[in-house]
Every structure is written in structure tokens, then in C-alpha cells.
Trainee: 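Before I ask anything, let me first share the structure, which is written out below as C-alpha cells.
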Amino acid sequence: MTGPARTGGSAPDERAGGARVGGVRQAGGVLVLVSRAVGGGAAPVRVRGVDDEAPHGVVGREAAPRWVWADTSAWYPRLLADGVRVERCLDLRLAHRVVRLAPGVSASPVATGPRGEFDGPTPAAPGAGDDALFAVDDRDAAPDEAACRAEVAALDQALSSEQAPDGAPDPAPDRAVALARLRLLLAAESAGALAAAEMHHAGVPWDTAAHDDVLRGLLGPRPRPGQRPVRLEELATAVREALDAPTLNPDSLPDVLRALRRVGLPVTSTRQWELEHLDHPAIAPLLEYKKLSRLHSANGWAWLDGWVDGGRFRPEYVVGGVVTGRWGSSGGGALQLPRQLRGAVRADPGWRLVVADAAQLEPRVLAGLARDERLAAAGRGHDLYGAMVDAGVVAERALAKVGMLGALYGGTTGPSAAVLPRLARAYPDALGFVEAAARAGERGEVVATLLGRGSPPPDEAWLASQARALSDEAGAREESRARTVSRGWGRFTRNFVVQGTAAEWALAWIAQVRRRLWAMGESGPAGRAPAPFARRPHLVYFLHDELVVHAPADLAPAVADEVRAAAAAAGRLLFGDFPVEFPLTAGVAERYGDAKG
DNA sequence: GCAATAAGCGCG
DNA sequence: AAAGCGCGCTTATTGC
């Protein structure tokens, strides 16, 4: 078995940007530009590479430098390792990928040109265990100086509102707005990339003993490698007895399915929701086995060994890793930390965690996106769903929630679908907006978020299935199949506009938080956090609509205020004067999970 | 024997 | 009959 540490062995500072030669990092031909504005034409200062010229000196010479580089995740970790913080940057690879798919600039050379070195992911450097013979010299893969300069110019041209298309004297006002929004998106993505690298650098403060306590309480003492914990072994025995299957392996799905059917249970899978309503003595221990087994394998002692080091969990965030613009993560399952274990996230002595969570983010984003005054009004206050009940739209809060989720995801069955007509009557602009996005997707069109991120076009297979259904000899089966596929894509585009715009709000929020935290300055004696954060509040965790700041205790209440102010600022950045609010539940605590609004 | 896939479940 | 979106990770199984 390869352990989790092995899987995540390529730390970002071992990635492209310089090749490892004989264990010594070489700067290679990768360019770092420093300019005063994003693609603003200011003469860049060239840094030949952070190994060649001390970055501290370069930053010090510039008033408000904006670093321009091919890839934040390739460069920034090394600056941070030297204790250097970058205030602003332009990440060319992230920018390129946004412009490539943005419907608003689909005619620009960046969008129409062939796939190039800014389209792909960061080339992974060879891991520690790989054979040197097959190691890739990533100097070939990393864009060189000329490529970076050309990319800056191409982005500049694509996003410039100075130049109207087709030689028209002035760009249309709405086009100027669209371009300004795209520029904001690029800035937000880049700021997010900085925050992501900083969070990896700082790490999540992790209380290994508390984690171990949770595991021992639920599973029993740590077993020898390859052995089941005692609690799991007990449950396995109970399941075997209840099913009269002495050799049953509870980890084998076909095995379990066969055994359940043999005792007469009409199951087609071993999914929790299918099992939980069955009345049989094997079900309870089986479900508990599955739950605990999951905890053991995904976040058990092996996870602790592999991912927590020196009291810090350091996941790698993948900015722009999800089509909608959300972040992904790699290593340790950072975005799936079970709630059970959040008590193991614990502030250092003399420090606190500030935990903030945007309440009902997606419905509020939809209200702003669709400029739905009535939905925005329902969200003015803390509980949007409660306000929907008070407005007489639905009878109870649970229905408001499930109905709204159905509208966002495209639910077609159950109580969610049942209340949709009421929501459509109460909030025609909001519901009409997601409905239009769904219809566009069904037709094979692309849709866009508020700031202009485009959805990926449907692939060849999608187009082929639609074409087949339209041909004369298409049978009923083919037509129904094509309809199913088309509706599936409509659900994706429906959700894309909301999830993607929510991700943009979150980027703006985190960018604001990051800036405001730095502006708070230093406090108290140096803690365990690495430079440049040893005496400063800093972000340590981000989860779509939730963030955690690690702060010196005396600053924590002020940090909570800044986080709230940042949310309001993010709302104004995206939605201007439109009266949509973004309340947070924010609290100060020693442990993540203890924080209350 | 190793790589890809499926099932299932954790998170929002 | 089934089909509410987006992910990452682990294990067992299948495929080459």
C-alpha cells in the first residue's frame, strides 16, 4: 500500500519554475515580472529568478509592485520560505484559462489561438521516489521570458476597453462593464492564488492528541497496520452473525450485497440511504461499520501520520481547480474534513481561531445575479429561509431550504419540485434566471457567471447525441436518451451560474480578508506560525463559503470585525448598490467547531 | 502485476 | 424508470 504521504509527495515548491539538477534548484528561464498595474503598460522590472536575485531587494525598490508570473504555485512558495509576502500579483496561467473560456472575449487571440503552455496545469516535478531517469526537465515546460511578455500583451489587448471591436470609436458601455468585470475576476483569482499559497505555508494548526482521542473513543486503540480496530471487528462480527455469513468481508460490496439478498432484503446497492429504512438486525451494525470504517480509512491514524507534521496540516489548494471557479484541493482531502474532527483544529497557545461562514450564500448570490428585489429583501436579515416563511411563500423553513436547493440544482422530484411553483411566483426574476441558464445549456450554449467566467462547451459526444436524435431515422430510444443528456447539461449550466458567481464572491471576500489582516500589523511575541506570519493574523483554512483565521488572541475580536467588513466589501465589488446582503456567522474560539456566531 | 474504473461517502 | 450541482479520496474489482 502506498501511504497518503506518498500520494501527496509533490509539494508545490518542488514544482515547475526551476529544474532540479543534482539536488540543486536552478532558476531556469522562467520570468518574474514586476509592474505597477495589471497589464497596464508600465515597464516591468525583470527578475531573473528568485535564486539569482534576492526578491526582498526587488520588492523593496518598488512602491506597490504587482508580481507577474506564469504560475503563483510555482513561484510563491519559495518567496514565502524566505519570509517574503507578495501583496499583489497577476497569475498568467489562471488569467489565460479564464480568458480562454470567457464568452465576453471569445474573439480575442487568447481565446481563439491554439492550446499553449498557459493552458495546461502546472507540470508536476518528479516526486522524491521517482526514478531520476524519467524525471522531466521542466525548464522545457515552463513558459520563458518571451512567452510571459507575449501573454501579458495578449491579455492586455483582450481586456482593454480602450480598443473597440471592428474599429468602432467607443466600446459599448455594457462591453466596458463586461471587461471591467473580467479584469476584476483576474485580480480576484490571482489574489486567491496568493492566499492559497500562504495557507499552505502557514498550515492548519492541528492538535494530534485531540484527533487521537476522537479516534480512540470511536474505534478503540490504534491497531497494528493492516488490522481492524477492535470496534470495527466487533461490528463486522455482528453483521456476519445477523446475516449468517461467517466469512463475509464487510469491505467487499458484492459480498455484502449478496449476503443481504440471501436473507431476503430487496436491495440493489449498499448505499446508506437505501439501507437505512430496512428492518433487519444486520442493518444497524452494518451502517455503523461503514461510517466508522470510512473515518478510519480516510481520516484515521494513517492520515495523521501522512498529513500532519509539526502540529500543522498543510493541504495544497488548487485555485481554479473546479470548472465553476471553486477551488479544489489535493492531498489530505482538505475540503472534506469530517465535522467530527474539527475539534482537532486548535489555535496555538495565546492565539485564537476566527471562524466565519457566509450564511445561505448561493440564494443571496442568485438574488444579486438576477437582481431579484424580493429575494434580496428576504435576505436582508440573518435567515433568508425564515424570511421566506414570514413572507408567506412557503409554510415552513425546511421547505424553503429544500425548494431553493432544488431551484439551484434543478431538482425535479419530491418536496423540492412540489414547492418550485410557489417560489417561481414569489421570485420570478431569480427563478427565471436559473431557468434561462438551464435552457441555454440544454441547447448546447455556454453560460457565464457575473464576472464573465464561461462554462465549458459541451463535448463531442454531447453534440453527437443531439445530432443523432434530430436525424430522420432516430428512434424513440435515441430521442429520449438525447433529451436525458440535454437536461443533464442544463442542470449543470443552471448550477454553474450560481455556484460560479458564489465562488467569485468568495474570492473577493478572501482577497479582502487577506489584505485587511496584513494591514492590522503585528502583535505580541512570535508564535509558532512561520514568517512572515509569526506575529500576524493569517488565513489557515478556506472551504467555499467558510474561512478560518489564526490570530493572536488580543487581535481576534478585531479580526472578526474585519472578516465581516470584508464580506460586505465583496458584496459591493460584485453587486454594486444592489441591496443584497451577505451576513456571516463569525466567532472566536480555541477550536474550529467550538466557534459560534 | 499494475492501471483504470466503480462504488460509496466525506465536504460545500 | 430515473436524473438536484460541484468536488477528492479509499477500497475492491475489473481490465489489460
Side-chain angles (χ1 to χ4, degrees), chain A residues 1-4 7-8 226 228 249-257 267-276 286-287 289-300 302-303 306-307 315-318 320-342 357-362 365-366 401-420 434 437-438 441-442 447 455-456 477 480-481 483-503 506 541-547:
Chain A
M1 182 187 76
T2 56
T7 319
R228 278 199 186 96
N249 172 10
D251 293 321
S252 165
L253 305 177
D255 228 20
V256 171
L257 198 55
V267 289
T268 59
S269 76
T270 65
R271 286 186 211 112
Q272 197 179 325
W273 61 262
E274 192 175 350
L275 299 185
E276 62 197 2
L286 178 57
L287 289 177
Y289 179 91
K290 286 159 73 77
K291 198 147 215 98
L292 292 178
S293 169
R294 159 94 194 180
L295 176 68
H296 178 235
S297 64
N299 293 98
W303 183 92
W307 293 110
E316 187 177 341
Y317 293 97
V318 185
V322 179
V323 282
T324 57
R326 274 187 174 180
W327 292 7
S329 74
S330 102
L335 305 184
Q336 303 134 260
L337 282 184
R339 295 186 152 274
Q340 279 169 310
L341 290 180
R342 292 188 181 178
D357 184 334
Q360 302 134 0
L361 176 59
E362 293 196 346
V365 160
L366 175 57
K401 181 172 181 175
V402 80
M404 191 55 77
L405 290 177
L408 299 177
Y409 294 157
T412 56
T413 58
S416 161
V419 298
L420 275 181
V434 285
E442 289 172 8
V447 296
S455 63
R477 257 181 62 89
S480 122
R481 174 80 195 136
R483 210 160 26 240
T484 300
V485 169
S486 157
R487 289 203 178 127
W489 196 252
R491 283 193 300 277
F492 165 63
T493 53
R494 169 198 294 271
N495 185 249
F496 179 93
V497 295
V498 179
Q499 188 185 121
T501 305
Y541 190 62
F542 176 63
L543 185 57
H544 308 315
D545 59 1
E546 192 172 341
L547 57 77

Trainee: Mind checking what makes salt bridge (charged side-chain N to carboxylate O under 4.0 Å, His left out) contact with R228(A), not counting sequence neighbours?
Mentor: E233(A), D251(A)
Trainee: So do S455(A) and W489(A) actually touch side chain to side chain, heavy atoms under 4.5 Å?
Mentor: no
Trainee: Is the side chain of W303(A) donor-acceptor paired with the backbone N or O of G332(A) at a distance under 3.5 Å, no angle test?
Mentor: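 The answer is yes, because a donor-acceptor pair under 3.5 Å joins these two groups.
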Trainee: Any idea which of dG12(B), dG8(B), dC7(C) is nearest the V322(A) side chain?
Mentor: dC7(C)
Trainee: For G414(A), report the nucleic acid contact type (base, sugar-phosphate, nothing); a contact means any heavy atom under 4.0 Å.
Mentor: nothing
Trainee: So L295(A), base contact, sugar-phosphate only, or nothing? Heavy-atom distance under 4.0 Å.
Mentor: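 Result for L295(A) = nothing.
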Trainee: For the backbone of E316(A) and the side chain of S330(A), can you confirm whether one donor and one acceptor N or O come within less than 3.5 Å of each other?
Mentor: no
Trainee: Is there side-chain contact between T412(A) and R487(A), with at least one heavy-atom pair below 4.5 Å?
Mentor: no
Trainee: Heavy-atom distance under 4.5 Å between the side chains of T270(A) and K290(A), does that happen here?
Mentor: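 Contact flag for T270(A)/K290(A) side chains = yes.
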Trainee: Does dC7(C) have OP1 or OP2 under 4.0 Å away from a side-chain N or O of S329(A)?
Mentor: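 For dC7(C), neither OP1 nor OP2 has a side-chain N or O of S329(A) closer than 4.0 Å.
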Trainee: Salt bridge check: are E362(A) and R326(A) linked by an N-O gap of less than 4.0 Å?
Mentor: yes
Trainee: To the side chain of D251(A), which of dC11(B), dA12(C), dC7(C) is closest?
Mentor: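 Closest nucleotide among those given: dA12(C).
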Trainee: State, to 0.1 Å, how close S329(A) and A334(A) come at their nearest heavy-atom pair, and which atoms those are.
Mentor: OG-N, 3.7 Å
Trainee: Figure out the CZ/C1' separation between R477(A) and dA1(C), and round it to whole Å.
Mentor: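 Atom CZ in R477(A) sits about 13 Å away from atom C1' in dA1(C).
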Trainee: For the side chain to side chain contact (heavy atoms under 4.5 Å, CB included) test, which of L366(A), D545(A), T501(A) pairs with L361(A)?
Mentor: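 Single side chain to side chain contact (heavy atoms under 4.5 Å, CB included) partner of L361(A) among L366(A), D545(A), T501(A): D545(A).
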Trainee: Look through every strand shown and name the nucleotide pairing with dG8(B) as Watson-Crick or G-U wobble, where both distances are under 3.5 Å.
Mentor: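 Base-paired to dC9(C).
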Trainee: With a non-hydrogen cut-off below 4.0 angstrom, is R483(A) in contact with a base, only sugar-phosphate, or nothing?
Mentor: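 Touches nothing.
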Trainee: When the P atoms of dG10(B) and dA2(C) are compared, how many Å lie between them, rounded to an integer?
Mentor: 23 Å
Trainee: Which whole-number value in Å describes the distance from N249(A) CG to dA12(C) C1'?
Mentor: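 So the two atoms are 9 Å apart, to the nearest Å.
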Trainee: How would you summarise protein contacts on nucleotides 2-7 of chain B per nucleotide, using B for base, S for sugar-phosphate only and - for none, with heavy-atom distances below 4.0 Å?
Mentor: -----S
Trainee: In whole angstrom, what separates N299(A)'s CG from dG10(B)'s P?
Mentor: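 N299(A) atom CG is separated from dG10(B) atom P by 11 Å.
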Trainee: To the nearest Å, give me how far apart CD (E276(A)) and P (dG8(B)) are.
Mentor: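 The distance from CD of E276(A) to P of dG8(B) comes to 14 Å, rounded to the nearest Å.
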Trainee: Expressed as a whole number of Å, how far does the P atom of dG4(C) sit from that of dT5(B)?
Mentor: 26 Å
Trainee: Could you check whether Q272(A) gets within reach of a base, just the sugar-phosphate, or nothing at all, counting any heavy atom under 4.0 Å?
Mentor: sugar-phosphate
Trainee: Whole angstroms only, please: what is the CD-P distance between E274(A) and dA2(C)?
Mentor: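 Distance, rounded to whole Å: 10 Å.
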Trainee: What closest approach, in Å, do G411(A) and L420(A) show between heavy atoms, and which atom pair accounts for it?
Mentor: O-CD1, 3.7 Å
Trainee: Base, sugar-phosphate, or nothing for V323(A), non-hydrogen atoms under 4.0 angstrom?
Mentor: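 If one applies the 4.0 Å heavy-atom cut-off, V323(A) turns out to touch the sugar-phosphate alone, with no base involved.
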Trainee: Pick out the pairs of N or O atoms, protein on one side and nucleotides 3-5 of chain C on the other, that lie under 3.5 Å.
Mentor:
unit_1: dA3(C); atom_1: N6; unit_2: T484(A); atom_2: OG1; d: 3.4
unit_1: dA3(C); atom_1: N1; unit_2: T484(A); atom_2: OG1; d: 3.3
unit_1: dG4(C); atom_1: OP2; unit_2: T412(A); atom_2: OG1; d: 3.2
unit_1: dG4(C); atom_1: OP2; unit_2: T413(A); atom_2: OG1; d: 3.2
unit_1: dG4(C); atom_1: O3'; unit_2: R491(A); atom_2: NE; d: 2.9
unit_1: dG4(C); atom_1: N2; unit_2: V402(A); atom_2: O; d: 3.3
unit_1: dG4(C); atom_1: N2; unit_2: G406(A); atom_2: N; d: 3.1
unit_1: dG4(C); atom_1: N2; unit_2: S416(A); atom_2: OG; d: 3.3
unit_1: dC5(C); atom_1: OP1; unit_2: R491(A); atom_2: NE; d: 3.2

Trainee: Could you check how far CZ of R339(A) sits from C1' of dC11(B), rounded to whole Å?
Mentor: 9 Å
Trainee: Identify which nucleotide among dG10(B), dG8(B), dG12(B) has an atom closest to any side-chain atom of K290(A), counting heavy atoms from C-beta outward.
Mentor: dG8(B)
Trainee: From CD of E362(A) over to C1' of dC11(B), roughly how many Å is that when rounded to an integer?
Mentor: 13 Å
Trainee: Determine, for E546(A) against R339(A), whether the closest basic-nitrogen to carboxylate-oxygen distance falls under 4.0 angstrom.
Mentor: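 Looking at E546(A) and R339(A), the cut-off is not met.
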Trainee: Using atom CD of E316(A) as one end and atom P of dC9(C) as the other, report the distance to the nearest whole Å.
Mentor: 10 Å
Trainee: With heavy atoms under 4.0 Å as the rule, sort R494(A) into base, sugar-phosphate or nothing.
Mentor: nothing
Trainee: If the P atom of dA7(B) is compared with that of dA3(C), how far apart are they to the nearest Å?
Mentor: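 One P to the other, the span is 12 Å.
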